[in-house]
Each structure stands twice: as structure tokens, then as C-alpha cells.
Amino acid sequence: MTDSAAEGSHRVYAKPTEGHRSLGAGVRQVLFWGPMIVCFALLLAILPPRGRTVGLAGGGVVAVLWAVVVGGVRVVAEWERGVILQLGKLQDVRGPGIFYVIPVLESVQFIDTRTLVINIPRQKVITRDNVPAEIDSALFFKVNDAQKAVASIQDFRFAVSQYAQAALRDVVGGLPLDDLLSEREHIQQQIKAIVEAQAREWGMHIDAIRLQDIELPEDLKRMMSRQASAEREKRATITKAEGDRLAARSLAQAAAIMARNPIALELRTLQSIDGLGASPSNTVLLFPVQMAQALSSLQRMEPEPPDPTGQPAEPSEEA
């Protein structure tokens with residue numbers, strides 16, 4: 001098993017909580033057991049011992065009927081809506097709070113109107129320049145119209161997830177690898193616009209689509225690493241050359257200033273001598289600058305040797 005496969009097998013996805021959590025169970029129990037306890041207590045107190053059997057049987061029938069009546073009580077949370085179907089026909093949207101559903105004639109389906117999150121499983125795509133990639137993403141959406149979410153699509157969570165997967169593959173398949181790695185925000189907005197256009201017809205609104213991880217082949221990662229290393233080395237070389245050029249220009253300007261001011265050159269020489277003398281391991285031999293200048297002048301004044309051809313030497317420009 002490859003490294004990428006092993007990583008994918010241990011990848012853990014967040015699983016959203018689905019379904020309706022009944023908030024009316026306690027209310028139904030109170031409405032059922034309260035009257036039943038009072039009713040049976042009155043029957044036992046009023047009826048004679050011989051008639052209690054018949055009375056309790058009748059009370060059992062009443063209890064069954066009362067349980068059916070009480071079973072229509074529903075409580076919907078603040079973030080939920082109940083879509084009512086009456087004999088299979090879409091009737092109304094109720095909630096939040098407590099309401100009543102007529103037993104047998106009406107049924108209710110609860111819709112969560114909060115922002116929902118769906119993990120889009122890892123998608124294997126091929127970019128426009130034929131580079132395989134695996135992408136993990138997440139879809140954030142909410143239901144704006146509960147009637148459309150129930151009546152226009154079979155399972156709105158599954159449908160929007162599948163549509164987002166198809167849109168992701170279509171968008172990434174039309175982009176080169178460089179754009180996939182550098183234009184993630186633009187890709188997310190483009191996928192969101194495609195999914196939003198369809199989800200609006202299902203009564204939903206897409207908040208965002210986020211690309212969580214982009215997995216590339218290992219050999220491609222190594223090549224990209226070498227490319228990045230070469231790019232950094234190139235920038236370092238260019239920066240060093242630029243620094244050398246600026247240093248040479250500054251030295252040339254300093255030399256020109258010192259050439260126009262001999263005192264500045266002497267001060268710079270004394271400063272260099274002072275820096276060398278600070279270390280006890282250095283041996284400094286002082287040579288007067290004036291003597292060096294005099295020797296240089298004498299060397300320029302020496303006559304040129306005679307020409308072997310016998311022709312007199314041309315006078316030098318200095319003469």
C-alpha cells in the first residue's frame with residue numbers, strides 16, 4: 001500500500017448529525033398519563049367491586065383512543081420546520097413550537113434550517129495539463145424553503161453533495177496545476193456559483209465550498225521541491241550579484257572622493273592601521289605614504305630604453 005493510500009485509509013471525516021430529535025415525547029407522556037391516572041383512580045373509587053372489571057376494560061379502550069389523540073402532539077425546535085402532508089398532499093409548514101398533527105390523516109417531515117455541513121469525499125481529478133490530484137472539500141449550506149426541499153428533490157442532502165462533487169471535478173479539470181495550487185479562492189467561488197444556481201431551485205442556499213486538502217503524486221512533489229529549491233538558489237545568486245554591484249559602485253565613489261581629498265585617504269589609512277594594531281598577533285610595518293608617492297614619481301620619470309632598430313625614441317607624453 002502506498003503512503004497516500006495509507007493516509008487515506010486512516011483519514012477521519014466529521015459526520016453530521018442527521019434526523020429529528022423528538023422534543024414532544026415528554027409533553028405527550030404528561031398529556032397521556034395525567035388524565036389516565038385520574039380516570040382510573042375515579043373508576044376504582046366510584047365503581048363497586050363487581051363492576052370494576054367492566055369499568056377497567058372500558059377505561060383501557062379509552063386509554064388506547066386517548067393515546068392515538070395525544071400522539072398527534074408535536075414540538076419543533078427553533079431551528080426546525082415541520083412540513084405537513086395531508087393525505088399525501090403538501091398542506092403547510094409549521095413551527096417552531098408546539099402544534100397538532102391529525103393522526104392518520106396528516107404526517108409531518110422535519111427540516112433543519114440551520115447551516116449544514118457535508119464532507120465531500122476525496123475526489124480524484126485530472127487537471128488540464130494531465131496531472132492527477134485528489135481533493136478533499138466541505139460544503140456549507142442551509143435550507144431556505146422547506147417545502148421545496150421536501151417536494152422538489154428526493155434527498156436534498158445527498159443531491160447537493162453529488163452536485164457539488166460533479167461541479168468540483170468539472171472546474172478543476174479545466175485548470176492547470178499551477179492555477180489549482182495558487183487560485184484556491186477563485187476555484188471555491190466558481191464551484192459555489194455553479195452549485196448555487198441549481199440548489200436555489202431546491203430551496204437551498206450555498207454558504208461556501210472550501211477545498212480542505214489537495215494531494216499530489218509523490219514524484220511530482222519531489223520535482224516541485226527541486227524546482228522551488230532551484231528558484232530560491234537563483235534568487236540568492238541574483239541578490240548576491242546585486243549586492244556586489246552596489247558594493248563596487250560605492251567603493252568606486254569612495255575612491256573618487258579620496259582621490260580628490262588626499263587628507264581623507266591618509267585618515268582612512270590611519271584608521272586601517274589602528275584596526276590592525278588592536279590584535280596582538282599582527283605585526284604592522286609602517287611605510288610612509290609620501291615615500292611611496294616619491295618612488296612612484298621617479299618610476300614615471302625614468303627614460304625609455306633605446307629602440308633596437310636605431311630610430312630615436314619618440315618623446316613620451318609625460319615629457
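Small disclaimer: the values here were computed from a predicted structure and weren't measured.
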Working for side chain to side chain contact (heavy atoms under 4.5 Å, CB included), residues V150 and R81:
CA-CA 11 Å; V150 172; R81 299 295 181 269; over 6 Å; no
Take I111 and V93 through the side chain to side chain contact (heavy atoms under 4.5 Å, CB included) test and state the conclusion after the steps.
CA-CA 10 Å; I111 300 298; V93 177; over 6 Å; no
Decide side chain to side chain contact (heavy atoms under 4.5 Å, CB included) for H186 and D179; before the verdict, give the C-alpha distance in whole Å, the side-chain angles of both, and the deciding distance to 0.1 Å.
CA-CA 9 Å; H186 176 70; D179 291 348; over 6 Å; no
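Using a 4.5 Å heavy-atom cutoff, the side chains of F156 and L116 are in contact. In this structure, the side chains of R157 and D112 come closer than 4.5 Å at one or more pairs of heavy atoms. Here the side chains of E183 and L175 are not in contact, with every heavy-atom distance at 4.5 Å or above. Residues L177 and L216 are in side-chain contact: their nearest non-hydrogen atoms beyond the backbone lie under 4.5 Å apart.
A151 is linked by a side chain to side chain contact (heavy atoms under 4.5 Å, CB included) to L90, counting only residues two or more places apart in sequence or in another chain.
Interatomic distance, L251 CG to L246 CG, rounded to the nearest 0.5 Å: 11.0 Å. Here CG of D207 is found 8.5 Å from CD of E196. Values are rounded to the nearest 0.5 Å. Note that CE of M204 and OG of S152 are 7.5 Å apart. Values are rounded to the nearest 0.5 Å. With rounding to the nearest 0.5 Å, the separation of CZ in R200 from NE2 in H205 is 9.0 Å. Note: E80 CD to Q109 CD = 11.5 Å, rounded to the nearest 0.5 Å. The CD1 atom of I209 sits 9.5 Å away from atom CD of Q189, with the distance rounded to the nearest 0.5 Å.
Classification of the Y163-W202 ring pair by plane angle, with boundaries at 30° and 60°, yields perpendicular.
Heavy atoms from other residues, nucleotides or ligands lying under 6.0 Å from CD of E242 number more than 12. When the shell of 6.0 Å around CZ of F158 is examined, it contains 12 or fewer heavy atoms from other residues, nucleotides or ligands. In the displayed structure, L105 atom CG is contacted under 6.0 Å by more than 12 heavy atoms of other residues, nucleotides or ligands. For E185, the CD atom is densely surrounded, since the number of other residues' heavy atoms within 6.0 Å is greater than 12.
Under a 3.5 Å cut-off, the side chain of R28 and the backbone N or O of V73 do form a donor-acceptor pair. A donor-acceptor pair under 3.5 Å is formed between the side chain of Q188 and the backbone N or O of L211. Although no hydrogens or angles enter the test, the distance criterion places a donor-acceptor pair under 3.5 Å between the side chain of Q123 and the main chain of P121. At least one donor-acceptor pair closer than 3.5 Å links the side chain of R94 to the backbone N or O of Y100.
Listed here is the closest heavy atom pair of A77 and P96: O-CB, 3.2 Å. In terms of heavy-atom proximity, R235 sits nearest to T239 at O-OG1, 2.7 Å. For P35 against W66, the heavy-atom pair with the smallest separation is CG-NE1, 4.0 Å. In terms of heavy atoms, I206 sits closest to F141 at CD1-CB, 3.7 Å. P176 and R128 make their closest contact through CD-NH2, 3.4 Å (heavy atoms, listed as atom of the first residue, atom of the second, distance). Considering every non-hydrogen atom in both Q86 and Q91, the closest pair reads OE1-OE1, 3.5 Å.
One hydrophobic cluster, built from ILVMFWY side chains closer than 4.5 Å, holds both V75 and V70. If you chain together hydrophobic residues whose side chains sit under 4.5 Å apart, V108 and V143 never meet in one group. Under the 4.5 Å side-chain heavy-atom criterion for grouping Ile, Leu, Val, Met, Phe, Trp and Tyr, V101 is not connected to V69 through any hydrophobic cluster. Hydrophobic cluster membership differs between V76 and V27, with clusters built from Ile, Leu, Val, Met, Phe, Trp and Tyr side chains linked at under 4.5 angstrom. Hydrophobic clustering of Ile, Leu, Val, Met, Phe, Trp and Tyr side chains at less than 4.5 Å, counting indirect connections, keeps F110 apart from V83.
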